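All remarks here apply to the structure that follows.
By convention here, the first residue in the shown sequence is residue 1. The structure presented is a predicted model; accordingly, all values stated were derived computationally and were not measured.
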Amino acid sequence: MPAIVLMACAAILSWLAGIGFAADFPAIALESTSNADLDKALRASLNAPELERSRAGTDQQGSWKPLVEAERHRLEKLMRGRGYRDARVDVSGYSDGDAPQKVMFKPHPGPLYRVGMIEVDGVGGLSQAVRDDLSRQLATATGEPVSGEVLATLEDEILWRVRSASYPFVHIADRQMQSMPGRHLAMVRMTVDPGAVATFGTVTYSGLVVLKEQDLIRLQPFKPGDAYDPLVLDRFRDALIAHPSIRTARVLSADGVDGNGQVQLKAEIGEEQLRVGDAAGGYPNGVLAVASAIAVLAFRQISVASLRPGRTHWPWWLEAAAMVLLAAAFFFGAQRLVLLAVPG
């Protein structure tokens with residue numbers, strides 16, 4: 001009973017502490033802009049952190065101003081990440097004493113900047129066909145808003161095209177963005193480090209139990225020394241997963257290129273094994289096969305014993321047929337019983 005009372009008191013004190021913090025932290029009101037989608041994003045971003053802090057109740061009294069400033073800077077960063085590079089948020093309702101009941105945020109997104117020019121450095125060593133493909137991709141991004149989503153998509157497209165040109169370890173070394181004077185356009189400059197060109201190495205298999213490595217090598221759509229291609233690697237992974245005896249398959253690449261310019265691969269295989277549910281009919285089928293074999297053997301012995309004097313066995317073709325039936329029945333019965341005894 002005392003323990004229950006202590007728990008109830010602790011809960012009440014925690015609730016009162018939360019109320020006290022909520023009273024020390026002002027409510028933030030957000031004025032609307034002329035962009036409904038932007039208003040929705042700002043409100044969604046504002047509510048979650050404020051409620052989280054109100055529930056925590058760990059800040060000291062008088063620390064509301066840094067929290068409000070952090071919220072203001074975060075909303076400005078959000079708008080700039082959506083292409084409004086001149087965005088700012090004005091705050092009203094400040095006081096020198098205790099926290100006010102409400103603080104007003106007034107967003108000023110400013111003009112929406114768009115991609116005016118894109119420069120990509122570090123791709124001079126690539127083939128002309130790859131550079132032309134990159135140029136076409138860069139042209140599709142021109143005129144789009146300078147948002148984080150657009151820039152992230154552009155980087156992914158650049159990396160994919162360079163990686164497909166047999167540079168598996170390409171990465172973006174540097175990225176810069178500058179406003180173009182007199183226009184609401186931005187120049188984006190990226191520096192690409194393609195790394196070393198590579199070819200496929202050998203595949204090392206792990207996790208094999210029943211399957212043999214020779215069975216899986218035939219599924220490889222490449223041989224050591226072929227140019228590295230991520231699409232070919234995906235085809236190999238799909239071929240492994242499609243194998244009826246494989247449940248899971250992961251193909252991992254080495255962290256770098258070896259001295260021969262090859263990327264060594266490792267395939268982690270999880271074989272598809274018979275489970276108890278799959279072998280529900282294994283025991284009856286195995287028993288039936290063994291019983292059938294015994295019945296055939298007994299019938300043969302009785303038939304041979306009833307032959308006329310001078311005959312000690314069936315005709316050779318009948319003996320061969322009986323032996324084949326016996327071997328098949330015993331093999332099937334043993335297989336069913338073993339699979340049931342050792343489920344996957």
Checklist entry - Do Lys266 and Val251 have side-chain heavy atoms sitting under 4.5 Å apart? => result no
Item to check | Verdict with supporting geometry, Leu46 and Glu71, side-chain contact (heavy atoms from CB on, under 4.5 Å) | outcome: CA-CA 7 Å; Leu46 176 67; Glu71 291 296 311; 3.5 Å; yes
Item to check | Closest non-hydrogen atom pair between Pro221 and Arg235, with its separation | outcome: CB-NH2, 3.5 Å
Next on the checklist: Any non-hydrogen side-chain atom of Leu42 less than 4.5 Å from a side-chain atom of Pro107?
Outcome noted: yes
Checklist entry - Got a sec, which pairs hit salt bridge (Lys or Arg N to Asp or Glu O under 4.0 Å) with one end in residues 194-218, sequence neighbours left out? => result Asp215-Arg218
Next on the checklist: According to a hydrophobic-cluster definition based on side-chain heavy atoms being under 4.5 Å apart (Ile, Leu, Val, Met, Phe, Trp, Tyr only), do Tyr84 and Val115 belong together?
Outcome noted: no
Item to check | salt bridge (Lys or Arg N to Asp or Glu O under 4.0 Å) contacts touching residues 81-92 (sequence neighbours left out) | outcome: Arg88-Asp90
Next on the checklist: Run the salt bridge (Lys or Arg N to Asp or Glu O under 4.0 Å) test against Arg250 and tell me which residues pass, sequence neighbours left out.
Outcome noted: Glu268
Checklist entry - Are Thr204 and Leu265 side-chain neighbours, meaning at least one heavy-atom pair lies under 4.5 Å? => result no
Residues 136-144, side-chain donor-acceptor partners within the protein, below 3.5 Å, at least two apart:
unit_1, atom_1, unit_2, atom_2, d
Gln137, OE1, Arg161, NH2, 3.2
Gln137, NE2, Thr140, OG1, 3.4
Thr140, OG1, Gln137, O, 2.5
Thr142, OG1, Leu138, O, 3.3

Checklist entry - Can you name the residues that form a side-chain hydrogen bond (donor to acceptor under 3.5 Å, both in side chains) with Thr33, not counting sequence neighbours? => result Asp39
Item to check | Side chain proximity check, Val123 to Val130, heavy atoms < 4.5 angstrom | outcome: no
Next on the checklist: Apply side chain to side chain donor-acceptor pair (under 3.5 Å) to residues Ser147 and Arg80 and explain how you reach the verdict.
Outcome noted: CA-CA 8 Å; Ser147 65; Arg80 290 166 187 164; over 6 Å; no
Item to check | Salt-bridge present (Arg237, Asp234; N to O < 4.0 Å) | outcome: yes
Checklist entry - Taking only residues at least two apart or on different chains, which pairs with a member in residues 171-209 satisfy ring pair (Phe, Tyr, Trp, His ring centres under 6.0 Å)? => result Tyr113-His184, Phe200-Phe222, Phe200-Tyr228
Next on the checklist: For Met117, is the CE atom crowded, meaning more than 12 foreign heavy atoms sit under 6.0 Å from it?
Outcome noted: no
Item to check | side-chain hydrogen bond (donor to acceptor under 3.5 Å, both in side chains) against Asp156, all qualifying residues, sequence neighbours excluded | outcome: none
Checklist entry - Who pairs with Asp258 by side-chain hydrogen bond (donor to acceptor under 3.5 Å, both in side chains), at least two apart in sequence or on another chain? => result Gln264
Item to check | Phe169 side chain near Asp255 side chain, heavy-atom distance below 4.5 Å | outcome: no
Item to check | Reported NE2-to-CG distance for the pair His73 and Leu75, which is rounded to 0.5 angstrom | outcome: 11.0 Å
Checklist entry - Could you walk me through whether Phe105 and Arg72 pass the side-chain contact (heavy atoms from CB on, under 4.5 Å) check? => result CA-CA 8 Å; Phe105 277 10; Arg72 182 175 70 85; 4.1 Å; yes
Next on the checklist: I'd like to check Leu38 versus Pro109 (side-chain heavy atoms, cut-off strictly below 4.5 Å). Are they in contact?
Outcome noted: yes
Next on the checklist: Within this structure, what is the CG-CD1 distance for the pair Leu208 and Ile246, rounded to the nearest 0.5 Å?
Outcome noted: 8.0 Å
Checklist entry - With sequence neighbours left out, what residues match Arg175 under side-chain hydrogen bond (donor to acceptor under 3.5 Å, both in side chains)? => result Glu155
Item to check | Within-4.5 Å side-chain heavy-atom neighbours: Pro168 and Pro230 | outcome: no
Next on the checklist: Just so I know, are the side chains of Ser253 and Leu233 near enough to count as touching, which here means a heavy-atom distance under 4.5 Å?
Outcome noted: yes
Checklist entry - Taking only residues two or more places apart in sequence, or in another chain, which ones meet Arg163 in a salt bridge (Lys or Arg N to Asp or Glu O under 4.0 Å)? => result none
Checklist outcome for this item: When every non-hydrogen atom of Leu185 is compared with those of Gly116, the smallest separation belongs to CB-CA, 4.1 Å
Expected list for residues 186-199: side-chain donor-acceptor pairs under 3.5 angstrom, two or more places apart:
unit_1, atom_1, unit_2, atom_2, d
Arg189, NE, Glu119, OE1, 3.0
Arg189, NH2, Glu119, OE1, 3.0
Asp193, OD1, Gly195, N, 3.3
Thr199, OG1, Gly261, O, 3.3

Checklist entry - Linking Ile, Leu, Val, Met, Phe, Trp and Tyr by side-chain heavy atoms under 4.5 Å, what else ends up with Leu231? => result Trp160
Checklist entry - Atom CG of Asp229 and atom OG of Ser166: how far apart are they, to the nearest 0.5 Å? => result 6.5 Å
